[in-house]
Amino acid sequence: MPKKANSIVKTRTFDLSITYDKYYQTPRMWVTGYDERGGTLPQSLIFDDISTEHARKTVTIETHPNLGLPTASIHPCRHAHVMKRIIKYMAESTGKEVRVDQYLVIFLKFISTVLPSIDYDHTMSLD
């Protein structure tokens, strides 16, 4: 039996952008959310898809440096520290240094703890 058009479950979508934060010298993630009809999510609803541990603490609404629009930003103040710990752990556990080209994949995996409802593609092997 064919499904009716109104039985299709629609989901929120997100635009993610990464800029380089000169002050903290790390990548900085920006998140713009859209509702089921494609309208921009209000600031109050964007936090529904961010872990409660990070919402309104390390994730705040700020003006995107290139778009000039209010956008959720994952503050980079702890990124360098966390990334160094992850890379050190990986190097110790595998006996191999993490290559520069693997950094962004590791960064996105780290960011997925802040944005757990966003499905990332983890197909790249870090071997």
For residues 78-91, run the donor-acceptor check on the side chains, cut-off 3.5 Å, and write out each pair with its distance to 0.1 Å, sequence neighbours left out.
residue: His79; atom: ND1; partner: Pro27; partner atom: O; Å: 3.1
residue: His79; atom: NE2; partner: His75; partner atom: O; Å: 3.4

Value rounded to 0.5 Å, distance of CE in Met29 from OG1 in Thr19: 9.5 Å

Check whether any side-chain heavy atom of [X] lies under 4.5 Å from a side-chain heavy atom of [Y], and answer yes or no.
{"X": "Trp30", "Y": "Leu16", "answer": "no"}
{"X": "Val98", "Y": "Ile106", "answer": "yes"}
{"X": "Asp48", "Y": "Arg12", "answer": "yes"}

Trace of the side-chain contact (heavy atoms from CB on, under 4.5 Å) decision for Phe107 with Lys109: CA-CA 5 Å; Phe107 175 74; Lys109 288 183 181 198; over 6 Å; no

Transitive ILVMFWY side-chain link Ile18 to Val59, under 4.5 Å: yes

For the student: nearest non-hydrogen atoms of Thr71 and Val31, plus distance: CG2-O, 3.3 Å

Intermediate values then yes/no, side-chain contact (heavy atoms from CB on, under 4.5 Å), Ile61 and Ile46: CA-CA 9 Å; Ile61 304 296; Ile46 197 103; 3.9 Å; yes

side-chain hydrogen bond (donor to acceptor under 3.5 Å, both in side chains) partner of Tyr34, the single match among Thr13, Thr11, Asp15: Asp15

Transitive ILVMFWY cluster of Tyr23, excluding itself - 4.5 Å side-chain cut-off: Tyr24

Listed partners of Ser73 passing side chain to side chain donor-acceptor pair (under 3.5 Å), at least two apart: Arg28

